[in-house]
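Read the structure below first, then the notes.
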Amino acid sequence: MTIKRETLRKDFPILDRKVNEEPLLYLDNAATLQTPNQVLKKITEFYQKSHANVHRGVYTLAQEATQAYEQVREQVAAFIHAANAHEIVYTRSTTESLNLVASSFGELVVQEGDEILLTIMEHHSNLIPWQQLAKRKKAILKYVPLTVDQTLDVHAFKQQLTEKTKIVALAQTSNVLGVTNPVKKLVELAHQQHAYVVVDAAQTVAHHALDVQDLNVDFLAFSGHKMGAPTGIGVLYGKSELLKAMPPIQFGGEMIENVTKTTATWQPAPWKFEAGTPNIGGVIGLGAAIDYLNHLEMSWIAATEKKLMMHLLPELQKIEGLTIYGPQTVERHEGIVTFNLAHIHPHDVATGLDMLGVEVRAGHHCAQPLMAALGVESTVRASLSFYNSIAEMDRFVYALKMVKEFFNHESE
Amino acid sequence: MTIKRETLRKDFPILDRKVNEEPLLYLDNAATLQTPNQVLKKITEFYQKSHANVHRGVYTLAQEATQAYEQVREQVAAFIHAANAHEIVYTRSTTESLNLVASSFGELVVQEGDEILLTIMEHHSNLIPWQQLAKRKKAILKYVPLTVDQTLDVHAFKQQLTEKTKIVALAQTSNVLGVTNPVKKLVELAHQQHAYVVVDAAQTVAHHALDVQDLNVDFLAFSGHKMGAPTGIGVLYGKSELLKAMPPIQFGGEMIENVTKTTATWQPAPWKFEAGTPNIGGVIGLGAAIDYLNHLEMSWIAATEKKLMMHLLPELQKIEGLTIYGPQTVERHEGIVTFNLAHIHPHDVATGLDMLGVEVRAGHHCAQPLMAALGVESTVRASLSFYNSIAEMDRFVYALKMVKEFFNHESE
Amino acid sequence: MSLNKLNLLYRAVVLDHAQHPHHKGEISQVTQKVTLHNPSCGDDIQVFICVAQNQISEISFEGQGCTISQASASMMTDVLQGNSVSQALSQCEAFFALTMGKAIAENQKEALGDAAVLGSLAEFPMRIKCATLAWHAAKMALEGTLK
Amino acid sequence: MSLNKLNLLYRAVVLDHAQHPHHKGEISQVTQKVTLHNPSCGDDIQVFICVAQNQISEISFEGQGCTISQASASMMTDVLQGNSVSQALSQCEAFFALTMGKAIAENQKEALGDAAVLGSLAEFPMRIKCATLAWHAAKMALEGTLK
Ligand SMILES: Cc1ncc(COP(=O)(O)O)c(C=O)c1O
Ligand SMILES: Cc1ncc(COP(=O)(O)O)c(C=O)c1O
């Protein structure tokens, strides 16, 4: 793999396209990261050279495919510092990973009257699975609120943790506020109450090095498509002994050990959770994406994104009538800044920016309870990545001012 | 898309590779079909030009991606003659499709004492989900046996259908016997008893044109990777009113309409079943694969494969000590022939063939109850596709004879 | 950079309706009311109608939303007020067709009044939901009067 | 086409063991027995041992399987019979290492007797399960005697 930091934009041909006759300025990286050529090439090569179904054939081609598929598991384990590759379960996405934990592990450990502790900043994917579990089990769902500076209220977290808390589910990084929560400390507190901690790292994995053993999380979920891999591949990390205890929730194909007409036994974890033909090409792409990020180095990525945010945030803060949600300091914004312009609806802002080639997200960002807590229906979100530039930040700010003027002027 | 039937092997570069220093002869097409360049190219182009998350942004790029994603739904609907694109749910695979029906619809309609009717030739993916459902519900699982000529016993099917039968689940084409079941007739019989019919079309979709309305099936499942699309994308077809009644089983992301801290409502079908970021690239690939098959024409594919089987089956029948499972007539073998050589274990046969570049499957083919019914532990399976040639059939037969000689000679 | 295309969508009349919406607020006599939600932005629109003898004697709306949805709701109340239920229903259908980029008859277009300018929405497919929300609510309310 | 590589795997000694397996069938005195299943082909292997004073006085196997698994089981019984439990356990480990393509000491290799020819399995990774099934069963049985 050849990557040069100086010319890495060339790895992403989409960044050269035009949108509404303007050069694309992609600032919806939190929704999905663009996919580098190296990843696409690796996938194409796989299909052109070694494609076969995995875990099923004794022949050479099947062996090559299986080996490639299992080697990426080792790579993922190394990338997040898991103790063992068998702690890595392949899923479709963060959403599926979290649903798997809720349906299998949650179903196992949560009883009537138990408590599940969430934060108010959760993405729907780390909220509805628990809400539905709580409903089925007659368990109690609790939400940790925000402090006045719109970060997680750690003091309230401590207070809401009780011996009845069975599961704590929280985002490592909020996809709206951009803040990263002190996971290690929160895990320590939760473990003191014998609660299990499920971490949604969807917005962290492409931005900071992760160490699941250091964090001591019980489960951690993320998506390949947010780190340069294709869509359709996600990961659930789980501690060995927990995965071992969990029943599978999908059945068929190679997750099975032995079947009679009336009974069936399963393979050990992680395979028992991977029913049917998995997304083999997606796994190959995930491996290539990890290679890509490793070549760039996670520390360089974090530093680069920080520089961009240091440039952007103060410029945004200067715009009159612009409200930034979450903390007001650069340090607390992990590549994401969410805001509103006074008297202009977020959808109008996004359409205006789109006309100028700038792609940002407008809406509730799959975090409606957080929107309610912030007292808004919807917001505009810009999220950046290592391939964005300082010049792009300037262009974004300029475009935003034009849009503001357009709506304010026209409506005078 | 440019495809020439005469030169279509060029669309599959993997067919030019070597295995154990011999040219690859890929005969495990039932496990996964190879992926044509046109599909890979389309996917790469999508990522290089229009990649964005779907259903989430108001901006142009998101709109393009969403439109492409939804257009393939129309294409799939047309391909299987569904009445409406909203009857097409994207899943990971056949296995996930069948699990979805069992967990959502099955959970809804099956009560204690009800009966679920399967056939003994089901793939584990259309067996274990129902077995586990029956266990949860205290329902009764029944299996339609084989006739003496090892095809489905339609007479027994009629007898086993009762007014207690809530669900009939059956493979359209057996992945071991290669026989295609008379689905239309079986559906008629089942509907007379007010049972719902779930059809596993994994082994049919790439070989014959499908018409779900003519068959009048209630649900039908298949995998993209068995029809030239990449791995990680599958389809569940379901009649509108049935999908409407079914609760989702994964939660989060854009399947949600409205969320409060304690409640949530869902989008209509099919979106309520597509939680989280879907396999967008996989969907694009599925569309390209359908284009590819349509260009070749399904009738041409069926005729081509029939010609190959007409050449192959009699040659195999001439080999002394070779037992073919399933019917002995070419007409009943849908591209699949499963056999054993006397006194040689299937694994040894497969390893021998592999040394000669011939890739076949050995094992139980995820159909252990069928193996038990056939009275074997495992078998060898060769499965062909439209890109295989008559010359390859000859080479396969020759290789098989060499392997037979090797083991027979050496063990004298 | 240019905002020309934006001008197309947000013509003066649209911005004006959004800033100074007509018939906003609940009317005193309501025979039907329907609330609809736009899940992509979280906005709600409520439509109130008073129908007597198959005639819309009064119509109004309430709720928050973007420029497009506010303007569209305001224009709609202008267009539908005073019409018969069946006439209003066919106007709703004409509006849906227009925003989807389908050709509609010139007299149908005229009957849509100010709202016809939203025809340019066909070029902004992600915003169609915003524009049609109020019309869908009105349609449901009107259909309710037929039962 | 050539079957040279196949010759490598299926040497005469392997085919011979498979055709005429040693110590096949249940022994009269069994202190431990373990059945293992190979899910990929559906084959079962059962290993019987009789251990007295930490010594394997007798060992045998039963069950169906491919050439590799039958030969490997047969070779294993030859190799382990008469050895101490700890010696046998370390022979199992040496065998696992060998089939995985890891380097093992020359004296360890010698101690594996006929079974050492299965070292070529490292080139046939999909068949390692076949070869090691009996050894895993033996290992579990032996560990059972330590409890
Ligand atoms: C008849 C049949 N059903 C189901 C499946 C499972 O398909 P998948 O592994 O793509 O879920 C297969 C293929 O393995 C099959 O042949
Ligand atoms: C914090 C967070 N959690 C979960 C998700 C869901 O990820 P996916 O859609 O890949 O399942 C996202 C992204 O949308 C996210 O930002």
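Throughout, protein chains are lettered first and strands after them, A, B, ... in sequence-line order, and every chain is numbered starting at 1.
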Segment of [X] engaging chain A (4.5 angstrom heavy-atom cut-off):
X        : answer
B/Trp266 : side chain
B/Thr44  : both
B/Val283 : neither
B/Ile256 : side chain
B/Pro278 : backbone
B/Leu33  : backbone
B/Ser97  : neither
B/Tyr143 : side chain
B/Asn99  : side chain

Below 4.5 Å from any heavy atom of chain B, which atoms of [X] appear? Answer side chain, backbone, both or neither.
X        : result
A/Ala275 : both
A/Ile43  : neither
A/Glu359 : both
A/His123 : side chain
A/Tyr26  : side chain
A/Glu64  : side chain
A/Val58  : both
A/Ile249 : backbone
A/Leu61  : both

Side chains of [X] and [Y]: does their closest heavy-atom pair fall under 4.5 Å?
X        : Y        : value
B/Leu127 : A/Val259 : yes
B/Ser125 : A/Phe251 : no
B/Asn20  : A/Thr60  : yes
A/Pro13  : B/Lys49  : no
A/Arg17  : B/Ser50  : yes
A/Gln131 : B/Lys261 : no
A/Gln368 : B/Thr260 : no
B/Leu100 : A/Gln250 : no

Walk me through it: do A/Asn53 and B/His225 pass the test side chain to side chain contact (heavy atoms under 4.5 Å, CB included)? CA-CA 9 Å; A/Asn53 215 320; B/His225 73 92; 3.8 Å; yes
For chain A, find which of [options] contributes the most heavy-atom pairs closer than 4.5 angstrom.
options                                : result
B/Gly357, B/Ser103, B/Ala31            : B/Ala31
B/Leu15, B/Leu98, B/Thr351, B/Thr263   : B/Thr263
B/Leu24, B/Val19, B/Asp28              : B/Asp28
B/Leu353, B/Thr262, B/Leu141           : B/Thr262
B/Pro129, B/Ala350, B/Ala362, B/Pro346 : B/Pro129

Does a side chain donor of either A/Tyr47 or B/Thr231 reach within less than 3.5 Å of an acceptor in the other side chain?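 Distance-only check passes for A/Tyr47 and B/Thr231.
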Interface residue of largest heavy-atom contact number with chain B, from A/Ala367, A/Ala264, A/Ala372, under 4.5 Å: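 It is A/Ala264.
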For each of A/Val358, A/Val360, A/Leu118, A/Thr94, tally heavy-atom pairs with chain B at distances under 4.5 Å, and name the one with the top tally.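 Option with the greatest count: A/Val360.
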Rounded to the nearest 0.5 Å, what separation is found between the OG1 atom of A/Thr95 and the CE atom of B/Met255?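 A/Thr95 OG1 to B/Met255 CE: 10.0 Å, rounded to 0.5 Å.
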Rounded distance [0.5 Å steps], CD in A/Glu96 versus CZ in B/Arg92: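 It comes to 4.0 Å.
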Under the side chain to side chain donor-acceptor pair (under 3.5 Å) test against A/Gln48, which residue among B/Asn37, B/Asp16, B/Thr35 passes?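 One option only clears the test, and that one is B/Asn37.
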Between B/Tyr59 and A/Arg361 (side chain of the first, backbone of the second, donor and acceptor by atom type, cut-off under 3.5 Å), is there such a pair?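 Checking the backbone N and O of A/Arg361 against the side chain of B/Tyr59, no donor-acceptor pair under 3.5 Å is found.
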Write down the atom of A/His124, the atom of B/Gly253, and the distance for their closest heavy-atom approach.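 Taking every non-hydrogen atom into account, CB-N, 4.0 Å.
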Please walk me through it: do B/Asn279 and A/Asn279 pass side chain to side chain contact (heavy atoms under 4.5 Å, CB included)? CA-CA 9 Å; B/Asn279 186 350; A/Asn279 187 351; 3.5 Å; yes
